[in-house]
Amino acid sequence: MNPGVEAIYYTDPLCSWSWAFEGVWRRLRYELAGRLAWRYVLGGLLPDWQSFNDPLHSVHRPAQMGPSWYEVRHLTGMPIDERVWIEDPPASSYPACLAVKAAARQGEAVEEACLRRLREAVMLERRNVARREVLLELFGELAGPPFHALPARFQRDLGSEEVLAAFREDLKDAGYRGIGRFPAFVLRAEGRAVLLVGYRPYGVFREALAAVAPGLEPARTADDPESYARHWGSITAAEVAEATGRSADEVARTLDRTAGLAREGPLYRDLERTPLAGSLL
């Protein structure tokens with residue numbers, strides 16, 4: 001089936017608002033299975049702390065990023081642990097961006113899983129994804145089924161000129177469009193296009209999709225929390241709540257009783273699959 005809409009998703013593994021958007025993003029991909037195509041552009045949110053400046057949120061140094069992440073959790077309900085900015089603050093988001101570009105050389109499924117795992121690691125587990133050893137350890141988790149990723153190749157690609165050039169192209173793309181905030185989307189279909197910058201709730205995103213593809217309708221909806229959690233393999237109650245229309249507390253109670261799902265902090269993982277086995281659809 002030809003997709004009805006193409007989405008270019010500008011993001012960064014260290015972007016807390018992109019993490020908060022995961023519930024909406026996964027819901028859209030689930031509902032529009034086969035009707036939405038997408039690709040990621042890594043925007044390089046944090047080159048380094050000497051050059052980073054976010055006057056909108058008064059963030060100029062690592063310790064000031066924590067309150068910003070706290071605000072994201074408070075406003076969206078998505079779990080996030082801001083203590084990483086006190087305990088082991090990442091010096092840059094560029095290494096994580098390069099990791100996603102290196103993973104992409106092994107296919108879209110590996111790229112998708114790598115980006116998700118990086119987000120989980122820094123947002124929930126307080127792991128410093130600016131450290132090379134952390135990137136290698138996280139990617140090693142993708143070596144088993146269903147991805148069968150190649151850690152040795154990833155290690156080679158991570159420092160390659162080809163991956164660096166691909167990331168530079170992403171930075172150039174975002175700069176050309178004047179995109180400095182994430183998440184951001186370019187949605188295109190049938191000669192129409194719209195640009196969305198910043199976090200948007202599900203209803204606003206669907207309105208934007210309707211503007212470029214008026215006839216686009218969901219192929220399916222998520223009704224059962226257990227089935228939806230198993231579909232992704234690794235998920236938070238907040239993400240399931242977004243898709244099913246239930247409260248996060250109700251979802252958590254349901255998933256806590258579900259056999260075969262293991263709870264690791266705010267994450268639920270399907271024990272019958274690898275920890276990172278999330279569907280692309």
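What you see is a predicted model; the values in this text were computed from it and never measured.
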Acceptor/donor pairs from residues 245-252 side chains to any protein atom, 3.5 angstrom cut, sequence neighbours excluded:
{"unit_1": "R246", "atom_1": "NH2", "unit_2": "D223", "atom_2": "O", "d": "3.2"}
{"unit_1": "S247", "atom_1": "OG", "unit_2": "E250", "atom_2": "N", "d": "3.0"}

Are R39 and E111 close enough for a salt bridge, meaning some N to O gap below 4.0 Å?
no
Passes side chain to side chain contact (heavy atoms under 4.5 Å, CB included), F185 versus R200? Steps please.
CA-CA 10 Å; F185 286 86; R200 295 290 187 274; over 6 Å; no
May I have all residue pairs that pass ring pair (Phe, Tyr, Trp, His ring centres under 6.0 Å) and include part of residues 79-115, sequence neighbours excluded?
W49-W85, W69-W85, Y94-F167
Tell me, do D224 and T244 make a side-chain contact under 4.5 Å, heavy atoms counted?
no
Any donor-acceptor N or O pair under 3.5 Å, side chains E120, S234
yes
Verify ring pair (Phe, Tyr, Trp, His ring centres under 6.0 Å) between Y9 and F182, making sure each step is shown before the conclusion.
CA-CA 9 Å; Y9 184 0; F182 311 105; 9.1 Å; no
Under a 4.0 Å N-O cut-off, is there an ion pair linking R263 with D256?
yes
Not counting sequence neighbours, which residues clear side-chain hydrogen bond (donor to acceptor under 3.5 Å, both in side chains) with E133? List them please.
none
Using atom types as modelled, flag every donor-acceptor pair under 3.5 Å from a side chain in residues 201-212 to any protein atom, sequence neighbours excluded.
{"unit_1": "Y202", "atom_1": "OH", "unit_2": "E31", "atom_2": "OE1", "d": "2.5"}
{"unit_1": "Y202", "atom_1": "OH", "unit_2": "R206", "atom_2": "NH1", "d": "3.0"}

Mind checking what makes side-chain hydrogen bond (donor to acceptor under 3.5 Å, both in side chains) contact with S93, not counting sequence neighbours?
D12
So that I can tick it off, tell me whether E82 and R73 are bridged by a salt bridge, with the cut-off set at under 4.0 angstrom between side-chain N and carboxylate O.
yes
Does the pair R127/E87 count as a salt bridge with the N-to-O cut at 4.0 Å?
no
Cation-pi check for Y30 against R220: NZ or CZ below 6.0 Å from the six-membered ring centre and within 45 degrees of the axis, yes or no?
yes
Run the salt-bridge test on E22 and R29 with the 4.0 Å N-O cut-off and return the result as yes or no.
no
Report the C-alpha separation of L187 and I8 in whole Å, then their side-chain angles, then the decisive distance to 0.1 Å, and conclude whether the side chain to side chain contact (heavy atoms under 4.5 Å, CB included) test is met.
CA-CA 7 Å; L187 305 176; I8 306 173; over 6 Å; no
Test side-chain hydrogen bond (donor to acceptor under 3.5 Å, both in side chains) applied to E239 - qualifying residues, sequence neighbours left out:
R116, T236
